[in-house]
Amino acid sequence: MLISLDRASHRSSHLSTTQPSRLHRIVRHISFQTMMCGLALGALCIVGQTRADAQAQVVTAFDRQLSRLDLAVSGAGYFNTKTSGNNYLGQPLVNDPGNTLGAIVTIRYTARPYVGFEFNYGYARFTQNFSSIGGVQSNANEYTVGYVAHPGFSVFGLQPFAAIGAGSIANKPTPGGGQGLQEQARAAYYYGVGVDDLYFGPHFGFRGQFRQLISLAPDYGQNYLTIKKRTITSEPAFGIFLKF
């Protein structure tokens with residue numbers, strides 16, 4: 001009976017000395033694995049960040065220039081003012097152009113917020129109504145270049161801009177309703193304000209603006225239609241733009 005008790009006590013003391021040792025080895029093993037996993041994750045993060053930085057740095061001069069361009073296509077209303085005066089014979093003459101809808105295509109280059117340039121092409125067809133000869137249906141083509149400024153702030157998430165420029169308007173009578181008159185180009189200048197909204201992300205959005213285009217009233221090279229008065233075309237416009 002004493003021998004059995006001694007064996008039991010010896011077994012118990014042996015277990016008490018070996019169990020902590022096993023637990024210690026298990027804890028060390030888990031700690032080693034955890035440390036290795038942490039090192040591996042850290043290495044992956046460093047490699048991933050290095051690759052991202054490398055990709056971010058690979059931006060060519062062409063890419064930088066291209067990112068400064070945008071292309072806009074807008075529908076516009078053309079609301080023309082009425083002009084009146086006397087022709088070379090002293091006869092009173094009134095020119096009352098019709099109002100219509102047209103389109104404006106703009107290519108814009110923005111170097112910095114307050115340094116930008118644009119080229120505009122506008123198209124509309126309407127009738128120049130002269131009190132002496134009646135209506136002259138014409139195609140009006142705008143070719144203008146201008147300066148654009150984008151202030152460094154937004155209004156309700158919209159980016160405002162202002163533009164001013166000059167160019168010409170080519171008034172070309174139509175074959176059917178132009179009374180056989182010749183095409184005529186007039187010097188013109190414009191100014192406008194508007195907002196951009198990158199609604200669909202960094203490269204695509206909406207543009208709304210209001211422009212006024214000012215030039216001499218057309219006379220199509222006929223002195224009996226010349227009154228040398230300026231006419232103003234107001235153009236509210238709305239469209240889409242693509243930023244490269």
Side-chain angles (χ1 to χ4, degrees), residues 71-108 117-148 161-195 207-241:
L71 171 66
V73 179
S74 302
Y78 282 69
F79 300 95
N80 300 290
T81 59
K82 180 167 62 175
T83 57
S84 61
N86 295 325
N87 63 12
Y88 80 107
L89 296 174
Q91 299 171 334
L93 179 67
V94 177
N95 178 15
D96 187 11
N99 302 318
T100 188
L101 296 175
I104 301 172
V105 178
T106 301
I107 299 175
R108 183 174 292 178
F117 307 95
E118 67 179 12
F119 168 78
N120 304 290
Y121 169 74
Y123 171 80
R125 174 182 287 190
F126 51 88
T127 300
Q128 301 279 356
N129 297 295
F130 294 94
S131 57
S132 58
I133 64 171
V136 178
Q137 188 184 65
S138 297
N139 294 315
N141 296 276
E142 171 195 348
Y143 304 93
T144 56
V145 294
Y147 164 79
V148 187
F161 64 84
I164 187 170
S168 69
I169 300 177
N171 298 286
K172 184 176 182 179
T174 61
Q179 298 199 34
L181 296 177
Q182 64 186 20
E183 181 178 355
Q184 181 184 51
R186 288 291 204 193
Y189 61 92
Y190 76 95
Y191 59 88
V193 293
V195 292
R207 174 171 298 168
Q209 61 180 321
F210 177 80
R211 309 168 78 236
Q212 284 197 321
L213 193 64
I214 303 165
S215 67
L216 284 177
D219 58 22
Y220 303 101
Q222 309 301 316
N223 54 13
Y224 60 87
L225 298 177
T226 303
I227 55 177
K228 295 184 179 179
K229 296 292 184 178
R230 297 194 180 279
T231 183
I232 300 175
T233 302
S234 298
E235 302 172 354
F238 183 80
I240 58 176
F241 72 95

Asker: Evaluate side chain to side chain contact (heavy atoms under 4.5 Å, CB included) for F117 paired with V145, printing each intermediate quantity in order.
Answerer: CA-CA 7 Å; F117 307 95; V145 294; over 6 Å; no
Asker: From Y147 OH over to I164 CD1, what is the distance, rounded to the nearest 0.5 angstrom?
Answerer: 10.5 Å
Asker: At their closest point, which heavy atom of S215 faces which heavy atom of I169, and how far apart are they?
Answerer: OG-CD1, 3.9 Å
Asker: So, does T81 use its side chain to make a donor-acceptor pair with the main chain of I232 at under 3.5 Å?
Answerer: yes
Asker: Between D219 and K229, does any NZ, NE, NH1 or NH2 come within less than 4.0 Å of an OD or OE carboxylate oxygen?
Answerer: no
Asker: Tell me whether the centres of the aromatic rings in Y121 and Y143 are closer together than 6.0 Å.
Answerer: yes
Asker: Within a strict 4.5 Å, meaning less than it, do heavy atoms of the Q179 and Q222 side chains meet?
Answerer: no
Asker: Kindly determine whether Y190 and T233 satisfy side chain to side chain contact (heavy atoms under 4.5 Å, CB included), including the steps that lead there.
Answerer: CA-CA 9 Å; Y190 76 95; T233 302; over 6 Å; no
Asker: Please give me the minimum heavy-atom distance between P218 and Q184, naming the atom from each residue.
Answerer: CA-OE1, 3.4 Å
Asker: Go through S234 and Q212 one step at a time and tell me if the side chain to side chain donor-acceptor pair (under 3.5 Å) criterion holds.
Answerer: CA-CA 5 Å; S234 298; Q212 284 197 321; 2.9 Å; yes
Asker: Can you measure from CZ (R186) to OG (S168) and round to the nearest 0.5 angstrom?
Answerer: 12.0 Å
Asker: Identify the two heavy atoms, one from F126 and one from A140, that lie closest to each other, and give their separation to 0.1 Å.
Answerer: CE2-CB, 3.9 Å
Asker: Can you give me the closest heavy-atom contact between T83 and A217, atom names plus distance?
Answerer: OG1-CB, 3.9 Å
Asker: Between CG of N120 and OG of S74, what distance do you get to the nearest 0.5 Å?
Answerer: 9.5 Å
Asker: With under 30° as parallel and over 60° as perpendicular, where do the rings of Y220 and F130 fit, or are they tilted in between?
Answerer: perpendicular
Asker: CZ/R211 to OH/Y191 distance, rounded to the nearest 0.5 angstrom?
Answerer: 11.5 Å
Asker: State the OG1-CG distance between T226 and N86, to the nearest 0.5 angstrom.
Answerer: 12.5 Å
Asker: Does R108 make a cation-pi contact with F241, if we ask for NZ or CZ under 6.0 Å from the ring centre and within 45° of the axis?
Answerer: no
Asker: Do you see a donor-acceptor pair shorter than 3.5 Å between the side chains of E118 and T106?
Answerer: no
Asker: Could you give the side-chain donor-acceptor pairs of residues 89-105 under 3.5 Å, partners two or more places apart or in another chain?
Answerer:
from: Q91; atom 1: OE1; to: N87; atom 2: ND2; distance (Å): 3.2
from: N95; atom 1: ND2; to: Q128; atom 2: OE1; distance (Å): 3.1
from: N99; atom 1: OD1; to: N80; atom 2: N; distance (Å): 2.9
from: T100; atom 1: OG1; to: R125; atom 2: O; distance (Å): 3.4

Asker: Specify the closest pair of heavy atoms between A72 and R207, including all atoms of both residues, with the distance to one decimal.
Answerer: CB-NH1, 3.3 Å
Asker: At what distance, to the nearest 0.5 angstrom, does NZ of K228 lie from CG of L216?
Answerer: 9.0 Å
Asker: Before you tell me yes or no, could you show the steps for S132 and L225 under side chain to side chain contact (heavy atoms under 4.5 Å, CB included), namely the whole-Å CA-CA distance, both residues' side-chain angles and the distance that decides it to 0.1 Å?
Answerer: CA-CA 8 Å; S132 58; L225 298 177; 3.7 Å; yes
Asker: Can you check whether V136 reaches N171 side chain to side chain, under 4.5 Å on heavy atoms?
Answerer: no
